[in-house]
Amino acid sequence: MPITPTKKIWMDGELVDWEDANIHVLTHSLHYGWAVFEGIRAYETPNGPGVFRLTDHMKRLYRSAKIYCMEPDIPVEGSVQAVKDLIAANEIATCYIRPLVYLGYGEIGLNPLPSKVRMSIACWPWGAYLGEEAFETGVRAMVSSWRRLDNNMIPPQAKACGQYLNSSLAKVEAVKAGYDEAILLNAHGYVSDGTGENVFVVRDGVISTPPAHAGCLGGITRDSIIQVARDLDYEVRETELVRTDLYLADEAFFTGTAAEVVPVREVDDRVVGPAGPITRRLMEAFHNVVRGKDDRYKDWVELVR
Ligand code: PPE
C-alpha cells in the first residue's frame with residue numbers, strides 16, 4: 001500500500017524531516033530481520049486526536065524487544081509521549097503509527113548483541129487495510145499451505161520484523177491464488193491467525209477465537225473485541241479451532257489495528273458471510289469505541305493533548 005508522507009518522523013529522540021529519516025544500507029536489522037515493531041491507530045475523537053490503547057501497544061513493543069534482548073534508550077512512558085509529540089507535530093488526527101526498535105549501523109554478523117539499539121516512530125494516514133468495500137462485502141480467505149511459526153522457532157508472541165516472512169509467504173500465496181487474505185494453521189493443524197489479523201468465528205450465537213498458545217499474536221484489537229462482546233452479553237470462548245470450524249461458521253471476522261474489524265465472506269470457497277448480525281454489532285461498537293464515543297471505554301483512548 002502506498003505511503004502518504006507526513007512532515008516529521010521521530011528518530012532516537014528527535015523529530016526529523018520525513019525525507020531525512022534515512023539509515024545506512026549496512027544497518028544490522030536490514031540484513032537479519034532482528035527488529036520489533038508496533039502498529040497503532042489514532043482517530044479523531046470529540047476531544048481531539050486520540051490514540052487507541054497507546055500504552056498497551058508500547059508495552060507490547062517493549063515485551064517484543066525484551067524477547068530479542070533489545071533495550072530502548074527511553075522507558076515506555078517516554079515512547080508514549082513521543083507518539084503524542086509526533087502526532088501534534090504532524091498536525092494529523094486519523095493515522096496509523098509505526099514504532100520500530102532496531103539495530104543500527106556499526107556491527108555486522110549473526111550476534112546481534114554488540115549492535116546499538118535504535119528506535120523510530122512514523123505516522124501517516126492509512127485507509128482501509130483490506131479495502132473500503134471489505135467492511136460491506138467481507139473478504140475471501142484461504143487456509144494457507146504455510147504453517148504458522150512455532151513458539152520454539154520464532155516466537156509468535158513477539159512482533160518481530162523477520163517473523164513477518166512467514167505471514168508474507170502466506171499473503172503472497174493467497175493473493176496469487178485470487179483471495180484477499182490467508183489464514184494460517186499452526187504445526188498441529190489448529191487455526192492460529194491471519195497474516196496480520198486475529199480471526200474469530202460465530203456459531204449458534206457463541207463467539208470463538210484461538211488462544212494465544214495456538215500461535216496467534218495476542219492482538220490488542222482481539223482483546224478489545226473480547227471485552228466489548230462480553231459487555232454486550234455474548235459468550236466468548238478462547239478455544240482451539242480446526243479448519244472446518246471456519247467452514248461451518250455462521251459468521252467469521254478478522255480483527256487487527258490496521259484491518260480493524262472486517263467480516264470474512266468465504267473460507268476456501270465455503271460461504272460464511274457477508275457480515276452476520278453479531279459481526280455487524282461488534283463492528284459498530286468498535287467504530288464508536290476507538291473514536292471515543294463510548295464512555296465505558298474512554299480509558300482506552302489516549303488523547304494527544
Ligand atoms: N496477528 C498478526 C500476525 C498481526 O500482525 C496482527 C497485527 C494481529 C494479529 C492483530 O493485532 P492487533 O493489531 O494488536 O490487534 N498486524 C499489524 C501489522 C499489519 C501490517 O500489514 O503491517 C497491524 O495491524 O498493525
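Numbers for residues simply follow the sequence, beginning at 1. Because the structure is predicted, anything quoted here is derived from the model rather than measured. We count ligands from 1, going down the list as the structure has it; atoms in each ligand are counted the same way.
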Report task. For the residue pair Asp269 and Tyr179, confirm or rule out a side-chain donor-acceptor distance under 3.5 Å. Result -> yes

Query raised in the report: Does ligand 1 have any atom sitting under 4.0 Å from a heavy atom of Glu38?
Result: no

Requested in this report: Could you pull out, from Gly219, Gly256, Gly196, the option with a heavy atom nearest to atom 8 (C) of ligand 1?
Outcome: Gly196

Query - ligand 1 N/O within reach of Tyr164 N/O, cut-off under 3.5 Å - result: yes

Report task. Mind running ring-ring contact (aromatic ring centres under 6.0 Å, His included) on Tyr129 and Tyr96 for me, showing each step along the way? Result -> CA-CA 11 Å; Tyr129 185 66; Tyr96 183 78; 8.0 Å; no

Query raised in the report: Would you call Arg148 a ligand 1 contact, heavy-atom distance under 4.0 Å?
Result: yes

Query raised in the report: Considering Phe37, Tyr96, Tyr129, which one's heavy-atom position lies nearest to atom 23 (C) of ligand 1?
Result: Tyr96

**Report entry** Working for side-chain hydrogen bond (donor to acceptor under 3.5 Å, both in side chains), residues Tyr164 and Lys159
**Finding:** CA-CA 8 Å; Tyr164 277 84; Lys159 221 171 142 53; 2.9 Å; yes

List, one per line, each side-chain donor-acceptor pair under 3.5 Å for residues 205-218, sequence neighbours excluded.
from, atom 1, to, atom 2, distance (Å)
Thr209, OG1, Val199, O, 2.6
His213, NE2, Glu240, OE2, 3.3

**Report entry** Closest candidate by heavy atom, reference atom 10 (C) of ligand 1, pool Ile225, Ile220, Thr195, Asn198
**Finding:** Asn198

Query raised in the report: Does one side chain, of Arg148 or Ser167, offer a donor that lies under 3.5 Å from an acceptor on the other?
Result: yes

Query raised in the report: Among Gln227, Glu238, Glu197, whose side chain to side chain donor-acceptor pair (under 3.5 Å) with Arg222 holds?
Result: Glu238

Query raised in the report: Any idea which of Arg53, Arg41, Arg98 brings a heavy atom closest to atom 22 (O) of ligand 1?
Result: Arg98

Query raised in the report: For ligand 1, which atoms, with element, lie under 4.0 Å from some heavy atom of Arg60?
Result: 14 (O)

